[in-house]
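Just so you know, residue 1 is the first one in the sequence shown, and it goes up from there. Quantities reported herein were computed from a predicted structural model and do not represent experimental measurements.
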Amino acid sequence: MSEAPKFNKRILVAPLDWGLGHATRCIPVIRNLRALGCDTWIATSGAQEKLLRMEFPDVPFLNLPGYGVSYGKRGVMLRLLRQIPVIRRHIFTEHAWLQNTIRDYGFHGVISDNRYGLYSEQVPCVLITHQLSLQLPRWAAIFGNGVQQMLYHHIEHFGECWIPDTGYEPSSLAGAMSHPVTLPDVPVKYIGWLSRFQPGSEMVEERQGILISISGPEPQRSVFEEKILEQIHEVKEDIRLIRGMPGTSTLLEVPGHVTVYNHMDAHDMQKLMKRCRLLISRSGYSTVMDAMILGTPLACIPTPGQTEQEYLSKRLMEKEWAVCDTQDNFSLKKLIEKAEGIKGVQASHLYRSDLKDVLCDWLQKL
């Protein structure tokens, strides 16, 4: 077996701050860069920084403020559309920040996960995204062409676009989101599902217990948590509840059959996901990729008004890869009953990671 090539390159990796998913799916990117000999730096802030510092305590960090987008409790998509001017201003600001940062620290390349301002003519820059086609609500369909043109305008600032999905639409998780009719006018590479976990060939003991993972931006993270806590006493079997709040020490009062974690590192999370008989979570793309790769039975509750998660939940149901419900009608007990008998997707025939090969090809060009 040939030894992996080594690249003496300084690379900056920067995930978006909307929830923790963009940060967790950057973990395998960072691991591979370090294994390939790269001097890898991370640019982020807030909860994403806390999470990634736990995973990579010896990696240099640069403070890059988040977009600070507010989702609200109602009218999520309308609220997001109203904040487009704020988002575009952040894109302009982080672009200027990157120009100075490249000059000050001598980066050879940049990998941005959904941060559209992190492009530069000084060095090669890559955008990671699974959304080449945004899922708009029906009332916003009139804006579809304009939104698509604006999206591709931002993507085409980058040298390459990497899609964390399969290149074959029927086995794709993101479906129409990652397989639009027309691709942007830059090299697009499907790198396979991107997860901090790796499928294993070891035998899994009989799955037991319920794992509940609460994640995503506020205030919807807390709304979902409150609904869980109101109903958790109705389910008597062993429950592990992960709050998705790295760096928090607050304790919750819960029944004796419930164990609460504010956060969990990748190693321990993988062990729990391999052992549980059901994972209940948001239908965030990164969480779904994790579950598919590990073959964990999955029940999803999309964030209300977050059309990407609503589309993904519908696709998972149609593929019979998961059971899903809405937050408004959420019943923990009924959802668990609905999931009785489902099995995790055995992803070995679907999963293929081209991340290392794509990284090597890109690094050789720097």
key: Counterpart residues, side-chain contact (heavy atoms from CB on, under 4.5 Å), relative to Q131 (two or more places apart)   = T129, L134, M177, E308

query = Taking atom types as modelled and ignoring hydrogens, do the side chains of Q327 and R282 form a donor-acceptor contact shorter than 3.5 angstrom?
reply = yes

key: Side-chain donor or acceptor of H179 paired with backbone N/O of P170 under 3.5 Å   = no

note = For H257, the side-chain contact (heavy atoms from CB on, under 4.5 Å) test, sequence neighbours excluded, returns I239, P255

ask   = Going by an N to O cut-off under 4.0 Å, is there a salt bridge joining R315 and E318?
value = no

query = Relative to the ring of H153, is the ring of H157 parallel (under 30°), tilted (30 to 60°) or perpendicular (over 60°)?
reply = perpendicular

message = Once you measure the plane-to-plane angle for H130 and Y285, does it fall in the parallel (<30°), tilted (30-60°) or perpendicular (>60°) bin?
response = parallel

Any pair counted as salt bridge (charged side-chain N to carboxylate O under 4.0 Å, His left out), so long as it reaches residues 180-189, sequence neighbours left out = E160-K189, K189-D361

task = Without swapping roles, check the side chain of K338 against the backbone of A299 for a donor-acceptor pair under 3.5 Å.
result = no

W41 and F61 aromatic centres sub-6.0 Å = no

key: Which residues share a side chain to side chain donor-acceptor pair (under 3.5 Å) with E340, sequence neighbours left out   = R277

query = So, Q99 side chain and E94 main chain: donor-acceptor pair closer than 3.5 Å or not?
reply = no

message = Can a donor-acceptor pair be found, under 3.5 Å and without considering hydrogens, that links the side chain of T40 to the backbone of C38?
response = yes

inquiry  = If the condition is side-chain contact (heavy atoms from CB on, under 4.5 Å), which residues does V123 pass it with, not counting sequence neighbours?
reply    = I102, V110, C125

request  = Would you please name every residue forming a side-chain contact (heavy atoms from CB on, under 4.5 Å) with A266, sequence neighbours left out?
outcome  = R31, E55, R196, F197

